[in-house]
Amino acid sequence: MSLSSDQAAVPLQAWLRIQREAPSLNERAAALRRAVLGCPQVRQAWYLAWQPASGTYAQEGGGPRLPPGQGDPLAAGDQVLFEALLAQPSMSLDALRQLPCWLAGRLRRAAIHHGQALALSLEDGSAGLLLLQVEEGAGLEWLPWLRQLLVQLVGLAGGMSRSAPLLSADPQPALLLDERAQPLEFNQALQALLGERSLAQVEALLPVNHLPLVRACLEQRRAIEAVEAQDGERILIWSFIPDLAERQVLARCREATQEVRDQREAARARRLYRLITENTTDLISRHTPEGVFLDASPASWTLLGYWPEELRGRSVDSLLHPLDQTQQARQAYEALEQDGYHTMTYRIRHRDGHYLWFETASRAIRETYTGAVVEVVSVSRDITARIQAEENKRRLAEVVEANTDLVLFIEPGGRLTHLNPSARRALGIAAEQPLPTLPQLLAEADLALLEREGWARADAGGVWSCEARLLPLAGGSLPVSLVLLAHRGAGDERYYSLVARDMTERELREAQQRRHQDELAHTARLVTLGELASGIAHEINQPLAAVVNYAGASQRYLQGVGGDPAATDKVAQGLARITEHANHASEVIKRLRAFLRKGQRRMQALDLAEVAREAVRLCHWEAGAAQVAVCDALPDNLPPVFADRVLLEQVLLNLLRNAIEANREVHAGAASQIRLEAREQDGSLAIRVLDQGPGVSDEQLVKLFTPFYTSKAEGLGLGLSMSRSIVEGFGGALEAFPLEGGLCLECRLPLGRDDESLSNSRG
């Protein structure tokens with residue numbers, strides 16, 4: 001394998017130019033290494049200069065350091081190698097490693113074996129050696145030819161004239177370009193800038209438009225300065241100086257990476273500062289020590305209604321609220337003189353005449369030598385919304401503290417953090433007394449309800465309410481209407497408030513009202529029964545009197561049947577009359593019963609679940625007093641039924657009250673449950689009330705719906721009877737089924753609109 005002229009020309013050209021400048025041996029050796037390393041077959045290269053005093057070769061020009069040889073260094077020597085190269089200027093490394101010399105041991109220790117050693121002197125009177133390590137498998141026949149080329153080039157460089165003195169002595173990287181921007185000469189500083197790159201790659205250092213720059217420099221007969229070029233991460237600044245006589249251009253550069261970056265950073269910072277100043281919502285302003293505007297940012301228009309030029313030369317005091325002018329100005333002046341920094345909150349007048357709350361941070365700019373304040377820089381922001389919010393919070397806090405309702409602040413874990421005075425008074429907690437826990441203040445059932453659904457519903461909807469009882473520390477219980485409020489803080493944390501209204505008076509009023517209603521209802525029932533009895537007596541009196549009269553007459557006629565043949569006819573006529581009046585009495589009773597069962601009704605499509613829940617609500621107090629919980633298992637998508645809302649509600653209320661009384665009888669003083677269910681079956685909608693009472697026997701079940709039959713000491717026995725009559729008037733049915741540990745009352749109503757029932761109810 002041989003080295004082509006194209007492969008060797010570029011790196012050797014650069015080395016030849018450096019050799020011509022006659023620098024130090026070390027610089028020449030380094031340039032030679034770079035040149036030969038440009039050959040693709042060469043893996044590594046070393047140049048060693050002969051040292052006559054020690055009789056050894058010493059490494060020059062850099063490169064990997066060769067390890068020391070074997071044996072005693074004081075007895076080391078390369079005289080054998082020196083003499084062998086005088087006889088034969090080229091030697092393979094394998095042959096060199098066999099010689100009894102110091103360098104052979106160094107090569108063996110470095111494991112360098114494939115290549116050649118070439119005798120080469122880079123300066124007069126000084127012998128040298130070029131070691132070349134080539135790729136494994138590469139031929140060595142071209143290496144002697146390379147040595148001859150290098151020897152000729154060294155001789156040629158010695159006969160060439162040196163570069164222009166100014167170019168070679170210039171400490172900055174420089175090169176000479178012809179009118180086509182082709183490199184003619186370059187100095188050592190440029191070679192150092194190139195590093196391992198060859199002169200052919202010098203265009204990478206020049207500006208991308210260096211050809212137009214060279215032409216413009218010559219045509220316009222002027223120097224072109226400060227042209228920026230990018231070399232990887234480095235930034236170079238070039239100057240192009242024309243030599244009109246020779247039609248050449250001297251290109252000089254300096255590395256300005258840090259300088260350009262600093263300038264760019266400074267420009268970016270100035271641009272950023274300008275953008276911040278122009279776009280910030282805060283007002284940035286400059287003032288004299290006396291408080292006169294020197295300048296202001298554009299935010300002055302947004303905040304105060306003044307453009308910056310309108311504020312220049314205007315005193316800040318002229319915009320302050322009269323109550324803030326003297327005090328605020330004096331405090332600001334003293335603080336800036338003493339500390340150099342001051343923050344104040346004050347009111348300032350908008351151009352429209354209204355006042356805003358501002359917060360201003362000011363810093364004093366002092367004269368370097370005397371320390372006197374020469375200028376004040378201020379940053380101001382509108383805090384009117386914050387002041388108003390704080391004022392609203394203060395007012396709300398006063399409302400909470402003065403509220404007659406009990407207010408308790410609670411953390412997510414249930415720990416109480418604050419009680420208003422009303423809560424402390426009602427619960428018997430002194431101001432210096434530590435706060436109790438929530439379980440200490442709530443009844444067990446209310447606490448269970450709060451844990452079961454209160455927290456979750458408040459988190460979902462923001463509010464949850466119930467009726468509960470608070471337990472003051474001194475004993476007793478306090479009926480309250482409880483509202484749990486869920487709040488979300490600025491950091492998305494949760495906290496809660498309990499607002500409780502004392503319902504003692506309402507409970508007393510409701511109890512009195514219920515007693516009054518019960519008395520009125522009892523009186524109404526008695527009046528109704530009296531009217532009913534009077535009506536029945538009035539209606540049946542005449543037919544019964546007629547029956548008695550005809551019966552007596554018939555008895556008399558029977559006594560004279562034997563002597564009076566017409567008496568038989570009269571007895572028959574009397575019996576017919578008795579039958580007629582008896583049937584009349586029966587019709588009267590049927591008509592009265594029909595009146596009770598089919599009175600005037602307002603029929604309409606109803607949501608059975610809604611009506612049932614209204615009935616549950618109406619008997620809520622009675623259930624609570626008996627410690628009976630009504631479990632609502634009604635679906636929300638039930639089909640509608642057609643009935644009179646008031647009568648249907650009364651029926652369900654009767655069923656629920658009957659179940660509450662049954663539960664109270666078995667579970668007196670203990671908690672129990674009533675279950676409310678509904679289902680669709682056979683074209684009707686059935687609603688069931690299941691209690692946990694004593695149940696009924698088979699004998700009682702038969703009489704359960706019989707009028708005036710009751711097992712209660714104070715009952716009249718009309719509730720279930722009237723309820724069945726009402727339900728049957730709707731075209732439905734009311735049945736009872738015994739359960740294991742209770743009773744089930746089932747009310748079945750037809751779905752949709754029953755036209756026949758409607759016509760009957762109106763007939």
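Checked for salt-bridge contact, Glu746 and Arg688 meet the test: a charged N lies under 4.0 Å from a carboxylate O. Using a cutoff of 4.0 Å between basic side-chain nitrogens and carboxylate oxygens, Glu398 and Arg394 are scored as salt-bridged. A salt bridge does not link Glu614 to Arg645: none of the charged side-chain nitrogens sits closer than 4.0 Å to a carboxylate oxygen.
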Taking it one step at a time, do Leu608 and Leu634 satisfy side chain to side chain contact (heavy atoms under 4.5 Å, CB included)?
-> CA-CA 9 Å; Leu608 184 58; Leu634 298 174; over 6 Å; no
Trace of the side chain to side chain contact (heavy atoms under 4.5 Å, CB included) decision for Leu435 with Leu419 = CA-CA 8 Å; Leu435 296 178; Leu419 275 68; 3.6 Å; yes
Are Leu449 and Cys466 close enough, and set up right, to give a side chain to side chain contact (heavy atoms under 4.5 Å, CB included), and what steps lead you there?
-> CA-CA 9 Å; Leu449 181 62; Cys466 71; 4.2 Å; yes
Run the numbers on Phe642 and Leu751 for side chain to side chain contact (heavy atoms under 4.5 Å, CB included), then give the verdict.
-> CA-CA 7 Å; Phe642 204 79; Leu751 295 176; over 6 Å; no
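A heavy-atom distance below 4.5 Å is not found between the side chains of Ser465 and Leu484. The shortest side-chain heavy-atom distance between Leu416 and Leu441 falls under the 4.5 Å cut-off. With a 4.5 Å cut-off on side-chain heavy atoms, Phe409 and Val400 count as touching. Taking 4.5 Å as the limit, some side-chain heavy atom of Glu680 sits within range of a side-chain heavy atom of Pro639. Taking the side chain as every heavy atom from C-beta outward, Tyr496 and Trp455 approach each other to under 4.5 Å. Counting only heavy atoms from C-beta outward, the side chains of Phe358 and Thr384 never approach each other to under 4.5 Å. Looking at Leu485 and Trp464, their side chains never come closer than 4.5 Å, going by heavy atoms from C-beta outward. When side chains are defined from C-beta on, Val483 does not count as touching Leu498, because their heavy atoms never get closer than 4.5 Å.
Looking at every heavy atom in both residues, Val651 comes nearest to Val727 through CG1-CG2, 3.8 Å. Listed here is the closest heavy atom pair of Leu482 and Ala468: CD2-CB, 4.2 Å. For Leu406 against Ala426, the heavy-atom pair with the smallest separation is CD2-CB, 3.7 Å. Minimum interatomic distance between Glu467 and Asp446 (heavy atoms only, all atoms of both residues): O-OD1, 4.0 Å. Taking both residues in full, the closest heavy atoms of Ala609 and Pro635 are given as CB-O, 3.8 Å, listed atom of the first, atom of the second, then distance. Considering every non-hydrogen atom in both Gln700 and Gly695, the closest pair reads OE1-O, 4.4 Å.
Panel note: side chain Arg664, backbone Ala626; no donor-acceptor pair is recorded below 3.5 Å. Within the 3.5 Å criterion, the main-chain N or O of Gln692 finds a donor-acceptor partner in the side chain of Asn663. Remark: the backbone N or O of Leu734 is paired with a side-chain donor or acceptor of Arg724 at under 3.5 angstrom. Checked by atom type and distance alone, the side chain of Asp691 pairs as donor or acceptor with a backbone atom of Leu743 at under 3.5 Å. Side chain of Ser684 to backbone of Arg748: no donor-acceptor contact under 3.5 angstrom is found. Looking only at distances, no side-chain donor or acceptor of Asp352 sits under 3.5 Å from a matching main-chain atom of His354. Side chain of Asn420 to main chain of Asp405: a donor-acceptor pair is present (N/O by atom type, distance under 3.5 Å, no hydrogens or angles). Judged by distance alone, with hydrogens and angles left aside, the side-chain atoms of Glu661 form no donor-acceptor pair with the main-chain N or O of Asn658 at under 3.5 Å. Under the 3.5 Å distance criterion, the side-chain polar atoms of Ser477 are left unmatched by any main-chain donor or acceptor of Arg469. Under the 3.5 Å distance criterion, the side-chain polar atoms of Glu391 are left unmatched by any main-chain donor or acceptor of Gln388.
Atom OG1 of Thr417 and atom CG of Leu408 lie 9.0 Å apart (nearest 0.5 Å). Distance check: Asp632 CG to Glu677 CD gives 10.5 Å after rounding to the nearest 0.5 Å. The CG atom of Leu652 sits 12.0 Å away from atom CZ of Arg657, with the distance rounded to the nearest 0.5 Å. The line from SG of Cys744 to CG of Leu655 is 10.0 Å long, rounded to the nearest 0.5 Å. In this structure, Glu444 CD and Leu471 CG are separated by 10.5 Å, a value rounded to the nearest 0.5 Å. Leu478 contributes atom CG, which lies 7.0 Å from atom CG of Leu427 (distance to the nearest 0.5 angstrom).
The local environment of CZ in Arg494 is crowded, with over 12 non-hydrogen atoms from other residues, nucleotides or ligands closer than 6.0 Å. No more than 12 heavy atoms of other residues, nucleotides or ligands shown are found within 6.0 angstrom of CG on Asp682.
Residues Ser725 and Glu728 have side chains that never bring a donor and an acceptor to within less than 3.5 angstrom of each other. If you check the side chains of His418 and Glu401, you find a donor sitting under 3.5 Å from an acceptor.
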